[in-house]
Structures are given as C-alpha cells and as structure tokens.
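Encoded as structure tokens, the structure appears first; notes follow it.
Values below: every heavy atom of this structure, side chains too, minus hydrogens, waters and symmetry copies. Given the structure is predicted, the values throughout are model-derived calculations rather than measurements.
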Amino acid sequence: MEIDQQLDIITDRAVDLVSRDELRRKLEQARAANRPLRVKYGADPSAPDIHLGHVVGLNKLREFQDLGHLVVFIIGDFTGMIGDPSGRSDTRPPLTRAQVQDNARSYQEQVFKILDPRRTEVRFNSEWCAPLKFEDILRLTAKITVARMLAREDFQKRMQANFPVSLVELLYPLVQGYDSVMVDADVEIGGTDQLFNLLVGRDLQKAFGKEQQSVLTLPLLEGLDGNRKMSKSLGNYVGVTEPPDAMYGKLMSIPDELMWRYFELVLCRPASETVSRQQALAAGKLHPRDLKDELAQAVTGKFHGAEAAAAAAVEFKRVFAEHQLPKDMPEVVLPADQFKDNRIWVAALIVAAGLAESNAAARRLVQQGAVRLGDQKITDPRADVEVATGCILQVGKRGFARLTR
RNA sequence: GGUGGGGUACCGAAGUGGUCAACCGGGGCAGACUGUAAAUCUGUUGGCUAUGCCUUCGGACGUUCGAAUCGUCCCCCCACCA
C-alpha cells in the first residue's frame with residue numbers, strides 16, 4: 001500500500017498529530033528497513049473493564065496492525081499506583097499486586113476482542129519502573145522543568161480552582177514518558193486528554209538521545225449521558241463484556257445526537273456517511289429510532305456476533321416498544337415468614353423480589369404507579385396481596401420478577 | 001512555621017439555636033407523552049406498615065427545655081505568605 005494511503009488511514013479520526021511529515025518519514029523508513037513501527041498504547045489497570053471509550057483507541061491500533069505494524073500495549077501496573085491526573089480524577093486507592101494481576105489478565109482478554117494478538121507486545125511498566133533507584137528518579141526529574149509541567153491545562157485549571165495538585169501527579173507524565181523511552185516507541189496514541197503526557201514522551205526520548213515518537217490523539221467518546229467522557233467511575237459506560245441485552249439497551253438510551261459519534265468512533269464509519277444520513281434524517285427519509293437500532297445492533301454484534309445482537313433487538317422491541325414481558329426474568333422465591341393469612345404486604349414483596357432497596361422506596365414506587373402484579377396495577381402502598389406461584393411482579397419499565405411461593 | 005478559608009445527604013451547594021430529614025442545582029428513580037431506556041414535561045429522592053418514632057450535617061465531649069447551627073478538644077482538606 002502506498003505510504004500516503006497508509007497515512008490517510010492512520011490519521012482518519014485523529015485530532016492532534018505531531019507531526020504528519022515526521023510520521024511519513026517513519027513509515028518510509030520502516031518500509032525500507034522492512035520492520036514494523038512500534039505503536040505504543042498505555043492502559044491503567046485500576047479499572048479492569050474495557051469500555052467503548054477504550055475501543056476508540058483500540059480501533060486505531062487495529063488499523064495500525066492491519067497495516068503490518070506492531071502494537072506495544074503497556075499495562076501501567078506501576079503508574080496505576082499514582083493515578084492519572086488527566087481530567088482531574090481523584091486520588092485512587094493503591095492497588096495490591098494481586099488486584100493488578102487480576103485486572104491485567106481481564107484487560108488482555110478484553111483487549112484482544114479487537115487487537116490482533118500476533119501483532120501485539122504486552123508489557124508491564126513495573127518491569128523497568130520498579131527497579132529504579134531514587135537516584136535514577138532524580139536524574140529523570142532533572143530532565144524536565146517545573147514550568148513545562150505546570151503549563152499543562154489540567155493543572156492550571158485545578159490550581160485556579162483551588163483544587164489540589166500533588167507532586168506525584170506532576171510526576172505521572174514523566175513516568176509515562178519514560179515508558180516510551182524504554183520500549184522505543186515510534187508512535188504513541190491516546191485520547192485528546194493524553195496529549196500532554198504523550199508529548200512529554202517525546203521530550204524524554206530526546207533527552208535520552210533516542211528517536212522521538214510521533215504522537216496521535218483521538219477524540220474522547222461521550223458516555224451514555226451525552227455530556228461527559230465515558231468512564232467507569234462516572235457509570236456512563238458500555239463495557240465490552242456486557243451481555244448483549246444490556247449492551248443493546250444501553251446503546252438505545254444514548255441521546256439521538258450522540259449516535260454519529262458512536263458510528264464514527266466505535267464502528268469507524270466514515271464521516272461522509274454521517275453527513276448523508278443526517279440529511280436523510282432531516283428530510284424525513286430516515287427514522288432516528290431505526291438508525292439507533294442499526295447502531296446498537298452493529299456494536300453489540302461487534303462483540304457478541306450478529307445473531308446475539310439481533311436477538312437483543314427483538315427482545316428490546318418486545319419489552320419497550322410493545323410493553324410485553326421479557327423472555328427471561330429472575331425467579332424469586334418468597335420467604336414464607338413474610339406472609340400472614342396467605343397475604344404479603346406489597347412493599348415487603350417488592351423488597352423481597354430485589355426490586356427496591358427499602359420498604360420506603362417500594363412504597364414510593366407503588367404511589368407513583370410503577371408497580372404491577374400479574375395484570376393488576378397496585379396503587380395502595382398499604383395493600384396486602386395474594387401471590388400465586390408463577391405470578392409476575394413488574395416494577396417500573398425494567399424491573400421484572402417471576403415469583404414463587 | 002505563620003495567616004486565612006473549609007469539612008452538610010450520591011455529587012455540587014444553601015442553612016449559622018427551635019417552623020431542619022435539612023432550600024436549590026446535577027445525577028438517580030418513577031409517571032405522562034413518545035420514536036427507544038431519545039427529547040420534553042411532571043413527580044420523587046434517609047429508615048421504620050408511620051399524622052408519630054429512629055438515625056444523619058468530619059469526630060468526641062459539653063452548654064441548652066431544644067444544636068447542622070453555640071463552647072472546648074481532636075482529625076482532615078485547601079489557599080496565601082515564609
């Protein structure tokens with residue numbers, strides 16, 4: 001494939017690129033020397049679940065692999081102890097070695113849903129970070145200035161808002177950059193919030209007399225709420241190991257305007273497709289629900305196969321469009337001691353079925369008209385009800401239980 | 001080390017002796033509507049079968065008929081100056 005063609009693929013969807021000329025040169029040199037580029041990508045093992053936000057980066061890595069390049073996937077078991085200050089995350093609790101290893105294992109499993117394992121080198125950065133002596137660290141810190149670190153936007157903002165910035169956070173980019181030195185990265189990719197860290201990698205490589213990595217950033221995918229970036233701690237994520245029904249349902253719940261981002265960033269659909277579809281939508285030729293269904297099925301299918309995705313779609317239509325009962329629902333055996341004269345208080349029933357956290361919450365749900373038992377709506381929060389085995393309790397749109405006495 | 005400002009429910013943030021289970025916003029949940037768990041609007045958001053009772057406003061003791069609010073001690077956080 002022509003170099004320019006490769007460049008086009010690589011830079012598609014990219015936000016920052018340092019720099020195009022440099023990357024072209026690297027591609028040319030790699031071809032001449034008949035060796036793959038080493039494309040670095042780092043992941044923090046503090047949260048073991050890969051979600052669609054990560055998939056944006058993984059997709060890009062896969063494109064590199066399909067062009068014959070090698071992905072150096074770094075598991076930041078050492079940096080994980082610091083916590084990435086990007087996007088002003090809170091201080092994270094330190095992980096035990098066992099946790100890190102567990103997380104790292106599930107990470108690899110999940111990552112290879114997208115990456116090609118034959119073209120991936122997995123490394124733990126404790127390999128070279130743990131042996132560092134304090135003296136080595138001093139040498140490392142001498143290579144970068146305070147002003148350079150403080151120039152970073154996150155830090156600026158936090159300091160202006162009187163949010164704390166710890167010294168160790170200042171060191172984070174340094175460690176990440178040191179990784180680049182140690183693995184001889186030719187290219188590093190990350191989200192746009194990683195730009196600073198990635199550039200520090202270049203600085204350090206230069207300071208160590210090595211070739212500087214090219215840097216490429218990708219957009220941050222918004223989470224289900226449509227505003228903030230997808231992250232596990234915000235709870236607005238879709239994990240790649242979630243069951244098909246949950247995955248499909250979550251995707252159907254994103255705001256309509258967000259669909260395009262998911263089409264482009266998760267499914268790598270071309271921007272031109274977005275434009276033509278937006279026009280068709282405006283003209284009334286396409287229905288947003290159908291488009292979102294396509295999105296949800298395609299994404300679910302990417303991780304679970306088309307068949308499972310189609311089944312999830314059918315189930316979703318049954319439950320939410322036609323308001324029918326779901327095919328599967330949890331079976332709940334009710335404790336006999338809750339019954340008096342063969343009846344049970346409705347709030348206690350809901351709690352026993354696991355559909356509310358407390359009697360008070362259950363009462364509120366009843367008052368709001370969210371509760372059905374069999375084909376009957378229950379509106380009196382003080383009602384005592386009879387329950388026959390096989391009877392179905394519904395709480396809200398999504399809460400179901402098949403009851404057993 | 002010095003000075004100042006803080007710690008309130010999931011988050012942010014009011015409240016500075018009783019009318020406070022605690023305004024308001026975000027988030028969550030529910031209902032209506034619908035095109036979907038979109039959008040919009042409305043309600044709700046400590047616990048207890050409950051016109052009341054219990055637990056909660058960094059912690060511990062106090063003062064008071066009564067404390068998130070006052071006092072003492074302690075813990076923690078932030079900024080500025082050194």
Q) Between B:U36, B:G47, B:G31, which nucleotide has the shortest distance from any of its atoms to the side chain of A:Lys292? A) B:U36
Q.
Of the options B:U36, B:A30, B:C48, whose atoms approach the side-chain atoms of A:Gln368 most closely?
A. B:A30
Q. Would you call the rings of A:His69 and A:Phe64 parallel, tilted or perpendicular if under 30° counts as parallel and over 60° as perpendicular?
A. perpendicular
Q) Rounded to the Å, how far apart are A:Gln394 CD and B:A30 C1'? A) 12 Å
Q.
Any salt bridge linking A:Arg25 with A:Asp21? Criterion: basic side-chain nitrogen under 4.0 Å from a carboxylate oxygen.
A. no
Q: Taking only Lys NZ, Arg NE, NH1 and NH2, and the carboxylate oxygens of Asp or Glu, determine whether A:Arg343 and A:Asp341 approach each other closer than 4.0 Å.
A: no
(Q) Side chain of A:Asn359 only, heavy atoms from C-beta on: which candidate in B:U36, B:U49, B:G43 is closest? (A) B:U49
Q) Does a side-chain N-to-carboxylate-O contact under 4.0 Å join A:Asp102 and A:Arg105? A) yes
Q: Provide the distance between the two C1' atoms, one in B:C48 and one in B:U63, to the nearest whole Å.
A: 32 Å
Q: Could you check how far CG of A:Asp290 sits from P of B:U34, rounded to whole Å?
A: 18 Å
Q: Return no unless some side-chain N or O of A:Arg363 is found under 4.0 Å from OP1 or OP2 of B:C48.
A: no
Q) Does a salt bridge link A:Arg24 with A:Asp4, judged by any charged N lying under 4.0 Å from a carboxylate O? A) yes
**Q.** Comparing A:Ala321 and A:Lys340 on RNA chain B - which has the more 5′ nearest nucleotide
**A.** A:Ala321
Q: Taking only the side-chain heavy atoms of A:Phe320 (C-beta and beyond), determine which of B:U36, B:G35, B:U34 contains the nearest atom.
A: B:U36
(Q) I need the CG-P distance between A:Leu349 and B:U49, as an integer number of Å. (A) 15 Å
(Q) Using heavy-atom distances to pick each residue's nearest nucleotide on RNA chain B, tell me which of A:Arg228 and A:Val395 is more 5'. (A) A:Arg228
Q. Taking CG from A:Leu365 and C1' from B:U45, how many angstroms apart are they, rounded to a whole number?
A. 11 Å
Q. Less than 5.5 Å between centroids and less than 30° between ring planes, does A:Trp345 satisfy that with B:U49?
A. yes
Q | Interatomic distance, A:Tyr248 OH vs B:A37 P [rounded to whole Å] | A | 11 Å
**Q.** Spacing between A:Glu357 atom CD and B:A30 atom C1', to the nearest angstrom
**A.** 15 Å
**Q.** Of the listed nucleotides B:C29, B:G43, B:G47, the one nearest the side chain of A:Arg364
**A.** B:G47
Q.
Using a 4.0 Å heavy-atom cut-off, does A:Gly249 contact any base of the nucleic acid, only the sugar-phosphate backbone, or nothing at all?
A. base
Q: May I ask you to evaluate whether A:Ser358 reaches the phosphate of B:C48, defined as a side-chain N or O under 4.0 Å from OP1 or OP2?
A: yes
Q. Of the nucleotides B:A38, B:C48, B:A37, which one has an atom closest to the side chain of A:Pro255?
A. B:A38
Q | Side-chain ion pair, A:Asp66 and A:Arg118, N-O less than 4.0 Å | A | no
Q.
Counting the atoms with a prime plus P, OP1 and OP2 as sugar-phosphate, which does A:Asp380 contact under 4.0 Å by heavy atoms, base, sugar-phosphate, or nothing?
A. nothing
Q) Taking the P atom of each, how far is B:G12 from B:G58, in whole Å? A) 13 Å
Q) Can you tell me if the side-chain N/O atoms of A:Lys397 get under 4.0 Å from OP1 or OP2 in B:G31? A) yes
Q. Considering only the P atoms, how many Å lie between B:C20 and B:U72, rounded to the nearest integer?
A. 28 Å
Q. CD of A:Gln338 versus P of B:U49: gap in Å, rounded?
A. 10 Å
Q. Taking the side chain from A:Asp12 and the backbone from A:Ile9, do they hold a donor-acceptor pair closer than 3.5 Å?
A. no
Q: Give the rounded distance in Å between these two atoms: CD of A:Gln367 and P of B:G43.
A: 15 Å
Q.
Taking only the P atom of each, what is the distance from B:C65 to B:A14 in whole angstrom?
A. 33 Å
Q: Quote, to the nearest angstrom, the P distance that separates B:U42 from B:G62.
A: 49 Å
Q) So, does the side chain of A:Asp256 form a donor-acceptor pair with the base of B:G35 at under 3.5 Å? A) yes
Q.
Please give the distance between the P atoms of B:C76 and B:A60 as a whole number of Å.
A. 16 Å
Q | B:A37 phosphate, OP1 or OP2, under 4.0 Å from A:Arg289 side-chain N/O | A | no
